[in-house]
S.K.: 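Pasting a structure below so you can have a look.
These numbers come from a predicted model, not from an experiment.
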Amino acid sequence: MVNRNLADKIPRDKKIEDGIICLNHSIQHQSFKYLTNRSNKVGIRIKTKRHICIPLVWLVKRLLKPYEPILILFELDTWKYRSNEFKELLVDIYEHIIVKKEVKKCAKLPEDTNEIVKLISKAIQQDERNIALLFLNVDSKPKEYLDKLKSFWDGLKTHSYVFMLWVDYEDNNDWRSVYNFPKKVNDSWDSNTLLDLDIQDTFDIEDIKFWVKSDYCYFNQNFPDLIYSETAIENIINIILDDSQTGEPEAILRAIYQQYQLDWESNRKKWQNFQ
């Protein structure tokens, strides 16, 4: 049960943002939740296009929100990782998980890659925080590099939740035919397998109707008559869809913010950043 005193202290726009996060990706969320009920180690691959930002951020926030992990982002197509030396990525993971957590200076990093992996694995296993490792542009890396990343993931053990998310822009490389990315989960699921998830790119009237009637929507705090009036509910749903025109995610967000009488442009960055 939510502490009413704490809930009342949450800023109105934060309540609205938290509610909107739950609007989409219901199927993806259910699959992800099913896996977290089976294991505290969950990996996914997200297919998308490079120019798509807000729907990707929206999906990641939708999946991770209940677990509130420490989110660590790695952009694999940047100059920092262009040498394809996997050790460079391990050093960054080490620094984020171990060095930034500790106030004191950490011991000198071993030269051997396997020893670095052991240090990271031990740190994650002992960490009480939930951790999410988000790798953008996995398509920019050769299979050998991703094999090492997958092997690192396979060896992790943890008492808290740890998530690995591969964002695949499908621009390069042919390693996809080698990896198995199942789209459906089952009772024999292996926690080392990466679930394949798609991004929801449009909304229809049923999506909006379900959300407006749910506990996630705070319209009934602004418009009390929605609690009692089916006509009022249908009206506001139609306004959102009409204002969004195509049902495209950013247009839907803009229309919803307008209904809350909030400025979309001043809130837009929240939906462009993972943090």
S.K.: So which heavy atom on Leu64 is nearest to which on Ala132, and how close?
M.R.: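 Shortest heavy-atom separation between Leu64 and Ala132 comes out as CD1-CB, 3.9 Å.
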S.K.: Does His51 offer a backbone N or O that forms a donor-acceptor pair with the side chain of Tyr169 under 3.5 Å?
M.R.: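 Pair absent, no side-chain N/O of Tyr169 close to backbone of His51.
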S.K.: Verify the neighbour count for atom NZ of Lys183: are there more than 12 heavy atoms of other residues, nucleotides or ligands below 6.0 Å?
M.R.: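 Above 12, so yes.
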S.K.: Does any pair with a residue in residues 108-156 pass ring-ring contact (aromatic ring centres under 6.0 Å, His included), and if so which ones, sequence neighbours excluded?
M.R.: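 For residues 108-156: Phe74-Phe135, Phe86-Tyr145.
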S.K.: Under a 3.5 Å cutoff, is there a donor and acceptor pairing between the side chains of Tyr179 and Asp147?
M.R.: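 On atom types as modelled, these side chains qualify, holding a pair under 3.5 Å.
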S.K.: Got a sec, which residues hit side-chain contact (heavy atoms from CB on, under 4.5 Å) with Ser31, two or more places apart in sequence or on another chain?
M.R.: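 Partners of Ser31 by the side-chain contact (heavy atoms from CB on, under 4.5 Å) criterion, ordered by chain and then number, come out as Leu195.
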S.K.: Is Phe181 close to Leu197 at the side-chain level, that is, under 4.5 Å between some pair of heavy atoms?
M.R.: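 Heavy-atom side-chain distance check fails, nothing below 4.5 Å.
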S.K.: Any donor-acceptor pair under 3.5 Å linking the side chain of Lys150 with the backbone of Asn192?
M.R.: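 Answer holds: yes.
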S.K.: Determine, step by step, whether Trp211 and Phe203 satisfy the ring pair (Phe, Tyr, Trp, His ring centres under 6.0 Å) criterion, reporting the C-alpha distance in whole Å, the side-chain angles of both residues, the deciding distance to 0.1 Å, and the verdict.
M.R.: CA-CA 11 Å; Trp211 178 72; Phe203 294 82; 9.5 Å; no
S.K.: Salt bridge or not between Lys80 and Glu75? Use side-chain N to carboxylate O under 4.0 Å.
M.R.: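 Looking at Glu75 together with Lys80, the answer is no, because their closest N to O distance does not fall below 4.0 Å.
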S.K.: Hey, are Arg50 and Asp77 close enough for a salt bridge, meaning a charged N less than 4.0 Å from a carboxylate O?
M.R.: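 Yes, this pair counts.
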S.K.: Would you call Arg45 and Asp196 a salt bridge, using N to O less than 4.0 angstrom?
M.R.: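 Here Arg45 pairs with Asp196 in a salt bridge, since their nearest N and O are under 4.0 Å apart.
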S.K.: Should Glu17 and Lys14 count as an ion pair when the cut-off is N to O under 4.0 Å?
M.R.: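 A salt bridge is absent here (no side-chain N lies under 4.0 Å from a carboxylate O).
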S.K.: Judged by atom type as modelled, is there a donor-acceptor pair below 3.5 Å linking the side chain of Arg62 to the main-chain atoms of Leu23?
M.R.: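 No, Arg62 side chain to Leu23 backbone: no donor-acceptor pair under 3.5 Å.
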